[in-house]
Enquirer: 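I have a structure here, written as structure tokens, and I will follow up with some questions on it.
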Number of protein chains: 4
Amino acid sequence: MTMSTSSTDPARATEPKRERGRLRVAAIMTAGVEVFTEKGYDAATMTEIAARSGTAIGSLYRFFPTKEALADALLLQYAQQVKNGLTELKQQVPGMTLERVADAFVDMMLLLRSQRSFAIALMDARGGSADERKRFRKVMRGGVADILCEAIPALPAAKAKVMSVVLIHMLKAVVGIADEESSVRAALLAEMRQLVRMYLVSAAPQSGE
Amino acid sequence: MTMSTSSTDPARATEPKRERGRLRVAAIMTAGVEVFTEKGYDAATMTEIAARSGTAIGSLYRFFPTKEALADALLLQYAQQVKNGLTELKQQVPGMTLERVADAFVDMMLLLRSQRSFAIALMDARGGSADERKRFRKVMRGGVADILCEAIPALPAAKAKVMSVVLIHMLKAVVGIADEESSVRAALLAEMRQLVRMYLVSAAPQSGE
Amino acid sequence: MTMSTSSTDPARATEPKRERGRLRVAAIMTAGVEVFTEKGYDAATMTEIAARSGTAIGSLYRFFPTKEALADALLLQYAQQVKNGLTELKQQVPGMTLERVADAFVDMMLLLRSQRSFAIALMDARGGSADERKRFRKVMRGGVADILCEAIPALPAAKAKVMSVVLIHMLKAVVGIADEESSVRAALLAEMRQLVRMYLVSAAPQSGE
Amino acid sequence: MTMSTSSTDPARATEPKRERGRLRVAAIMTAGVEVFTEKGYDAATMTEIAARSGTAIGSLYRFFPTKEALADALLLQYAQQVKNGLTELKQQVPGMTLERVADAFVDMMLLLRSQRSFAIALMDARGGSADERKRFRKVMRGGVADILCEAIPALPAAKAKVMSVVLIHMLKAVVGIADEESSVRAALLAEMRQLVRMYLVSAAPQSGE
DNA sequence: TATGAATGAGGGTTCATTCAT
DNA sequence: CATGAATGAACCCTCATTCAT
């Protein structure tokens, strides 16, 4: 269905050719993340995103021809960050114990937390196109599965895939827990950390009975 | 159009009027769960809920004077079901192994799945009043913590509380996983089941370090 | 106001039924005056009028098939009261000075004040049919003009008609003034009284220069 | 559809945009006065005001974010006109007889008649915010009292205040009378004029007892 | 190209009125 | 007849999107 060449991606609008445009787009995306996070996809308004980014509404629409397009772009950006995080993590895996790998997953989530809240908002609230959401999931799962394989060499690919899904759900829980009242947050995070470690360790050949 | 049993049934005189109301409310709530689940709180429209339940918009507003009121009622209904489920589970705990308790948690979630998806949508997307959401969380956590204490007598109350939060997040994941493509669903569910079992067992004195 | 004995009288059978209807209608009209006065024609709701009069909404509609019909009936009732007041006043005029007649007009207005506020609300806010409003005006003007002729025998009919319109507007002002803050109300009412007296006296042959 | 003078007129460059806005607002306010006058505050609909002024409903709401806001603006506009009229009148008072002052009041009212009818509608029918109504009353009373003091130097301030309220009510009557059938209107107005004159004269030291 | 005024479909909600019971 | 649940047109208002400047 999609047209051939990559430059006319329906999700993204005109490529920012000039420096000014790039800055503008960056400002818009920042504002977009903010507003979507605060209000959720539906309650967020293009007008507010424009205002917060100091952009005229017309200009915003030049770069992102649709609210959905903006959401998609934001999701894509987040996906990229996750991808980068996963790639980086993957390279560090060789010298790490499984426990450290588990912690690294959790830390990565916490690092991306602010963005992640918004991503959840968009994913769960049907913001952005279903396609984009699917693509995002795929990238995420693939990356995590890769790391798992790296960390647990004996892990069959199929098992890695299954584990990645479960693991990602647990990492989602990490974000949710990080939003809890601060009085119990520390204890909850520690518990989650422990659980994630346990999960990974349990999958390693020598420990699984 | 449906004036069947009322006059023929000698047992009840004025019942039909109220019975119809009950049916109407039930239809509305069912449709509400559907639409809220599909669209999320904001994107769901009262008009569609009315149409899907075969109710005139005015009638819908007679029963639920506000969109928020409807969401609250739905949340409350779900809370009730969860409460019942937890109460029942609690009574069965005494004779169960920890593994079976874990499975019971998962099974309960799967039983409530359709409703649960919607509950998640409402909880995460500021549907309904904040109060109602808070209350729901409290009930859920309390109930789960109770069961944990019952299942693991040596468990300190504080630890039970922490665990309940984590456990609930995992059960949330169960629902998410149950919504996956059927090709992998079975494997994923098995994995989640295993993880939940492991989590509970790890908290029992003899197996925890 | 209530006609007591009829319901206790065992002699007639058809009467009670009608009696009940009369009471119902009276209750509705009382509630109608209240609600229309408090909320104005548009903001008043048939449902509230029904509720306040302890009537089922369906019954209310049996007696007054339309909101407008109810308003008309209320207006008519008020017109009747005014008519009665004017008739009574007319009979007392012979032995009164012009100043006393003027005061009598003002007093009558103050007596009907509660109802009058509502009548103004209906008249000015287009409540009721235009016809009914017109009829009401005619009755009022005719009655006032009659009294003027009685009080000032030499007054030409045409002049009496003109004066009646002006006088009625002044009496309207009396009601408006009676709704002012109590701190100045007394002084304002005294001033208005004085003005009305002056107006009437000025029309009498010997005093008009 | 009407893009006539803007490009041909060499005097202004960016003016048209703002000019158009001004015109739009003026059109809306005119339509607002019309509709509020015809229907009263509650029965008037924003949709009709928009239609009558040739404005899209959305545009109307850009200028007046609320029905109440529009009513307030209209009231304010009228208050401004009254204020100007009163200021002007005050400056002319020194060289005028009391009778001429009275006539001037009446003439001013007749000049503002069309707007005045609507103002009455809004004031009496809880249109606009209570604050705005109160403010309007204050301005009006203060201005009238000022003029009275100017016209009747010996008048005590307290008496002027009382008189202003009464006088304003009479001027309200002037408007009401101006809306009568034309067949009697002239005579009625003459009578009202006479009454207002008499009222003012009666307050002057030499003629008041 | 950038701008923001203009557009109008659509959303939540109310209430006069009807009609099955 | 009385009742009150049911109906749906109409209201106020919002906001994604367009287009003249």
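Below, chains carry the letters A, B, ... as their sequence lines are ordered, and counting in each starts from 1. As a basis for the values below, the full set of heavy atoms in this structure was taken, side chains included, without hydrogen atoms, waters or symmetry mates.
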Enquirer: I need the CG-C1' distance between C:Leu70 and E:dC15, as an integer number of Å.
Expert: 15 Å
Enquirer: List for me each residue that meets side chain to side chain contact (heavy atoms under 4.5 Å, CB included) alongside A:Ala26, sequence neighbours excluded, and say none if there are none.
Expert: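 Result, side chain to side chain contact (heavy atoms under 4.5 Å, CB included) vs A:Ala26: none returned.
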Enquirer: Do C:Tyr41 and C:Glu68 have side chains that approach each other closer than 4.5 Å (heavy atoms only, starting at C-beta)?
Expert: yes
Enquirer: Is the phosphate of F:dT7 approached by B:Ser59 (side-chain N or O, under 4.0 Å from OP1 or OP2)?
Expert: yes
Enquirer: In whole angstroms, how far is the C1' atom of E:dA5 from the CZ atom of D:Phe64?
Expert: 15 Å
Enquirer: Within less than 4.0 Å of OP1 or OP2 of F:dA2, is there a side-chain N or O belonging to C:Arg62?
Expert: yes
Enquirer: Identify, between B:Gly58 and D:Gly58, the residue whose nearest nucleotide on DNA chain F lies closer to the 5' end.
Expert: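 That would be B:Gly58.
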Enquirer: Are there any protein N/O atoms within less than 3.5 Å of an N/O atom in nucleotides 11-13 of chain F, and if so, which ones and at what distance?
Expert:
| unit_1 | atom_1 | unit_2 | atom_2 | d |
| --- | --- | --- | --- | --- |
| F:dC12 | OP1 | D:Ala44 | O | 3.2 |
| F:dC12 | OP1 | D:Lys67 | NZ | 3.1 |
| F:dC12 | OP2 | D:Met46 | N | 3.2 |
| F:dC13 | OP2 | D:Tyr61 | OH | 2.8 |
| F:dC13 | OP2 | D:Lys67 | N | 2.9 |

Enquirer: To the nearest angstrom, how far is D:Arg24 atom CZ from F:dA20 atom P?
Expert: 14 Å
Enquirer: To the nearest angstrom, how far is C:Leu60 atom CG from F:dA2 atom C1'?
Expert: 13 Å
Enquirer: Taking atom P of E:dA6 as reference, at what distance in whole Å does atom CG of D:Leu23 sit?
Expert: 10 Å
Enquirer: By side-chain hydrogen bond (donor to acceptor under 3.5 Å, both in side chains), which residues pair with D:Tyr78, not counting sequence neighbours?
Expert: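 D:Tyr78 satisfies side-chain hydrogen bond (donor to acceptor under 3.5 Å, both in side chains) with D:Arg116 once adjacent residues are dropped.
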Enquirer: Taking side chain to side chain contact (heavy atoms under 4.5 Å, CB included) as the test, write out the residues that go with A:Ala43, two or more places apart.
Expert: A:Lys39, B:Asp42
Enquirer: Please examine the side chains of D:Gln77 and D:Val33, heavy atoms only from C-beta on, and report whether any two atoms are closer than 4.5 Å.
Expert: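 Counting from C-beta outward, D:Val33 and D:Gln77 do come under 4.5 Å.
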Enquirer: Only stems of 3 or more consecutive Watson-Crick or G-U pairs count here, both distances under 3.5 Å; name the ones for DNA chain F, or none.
Expert: E:2-21 with F:2-21
Enquirer: Going by heavy atoms in the side chains, are C:Arg135 and C:Leu75 under 4.5 Å from each other?
Expert: no
Enquirer: How many Å lie between CD1 on A:Ile49 and P on E:dG4, as a whole number?
Expert: 17 Å
Enquirer: Find out whether D:Val25 and D:Phe64 are in side-chain contact, i.e. whether some heavy atom of one side chain is under 4.5 Å from a heavy atom of the other.
Expert: yes
Enquirer: Under 3.5 Å, which donor-acceptor pairs do the side chains of residues 52-60 of chain A form with other protein atoms, sequence neighbours left out?
Expert:
| unit_1 | atom_1 | unit_2 | atom_2 | d |
| --- | --- | --- | --- | --- |
| A:Arg52 | NE | A:Glu48 | OE2 | 3.3 |
| A:Arg52 | NH1 | A:Glu34 | OE1 | 2.7 |
| A:Arg52 | NH1 | A:Glu38 | OE2 | 3.0 |
| A:Arg52 | NH2 | A:Glu38 | OE1 | 2.7 |
| A:Arg52 | NH2 | A:Glu48 | OE2 | 2.9 |
| A:Ser53 | OG | A:Ile49 | O | 2.9 |
| A:Ser53 | OG | A:Ala50 | O | 3.0 |
| A:Ser53 | OG | A:Thr55 | OG1 | 2.9 |
| A:Thr55 | OG1 | A:Ser53 | O | 3.3 |

Enquirer: Does A:Lys67 count as lying over the ring of A:Tyr61, i.e. NZ or CZ under 6.0 Å from the six-ring centre, within 45 degrees of the axis?
Expert: no
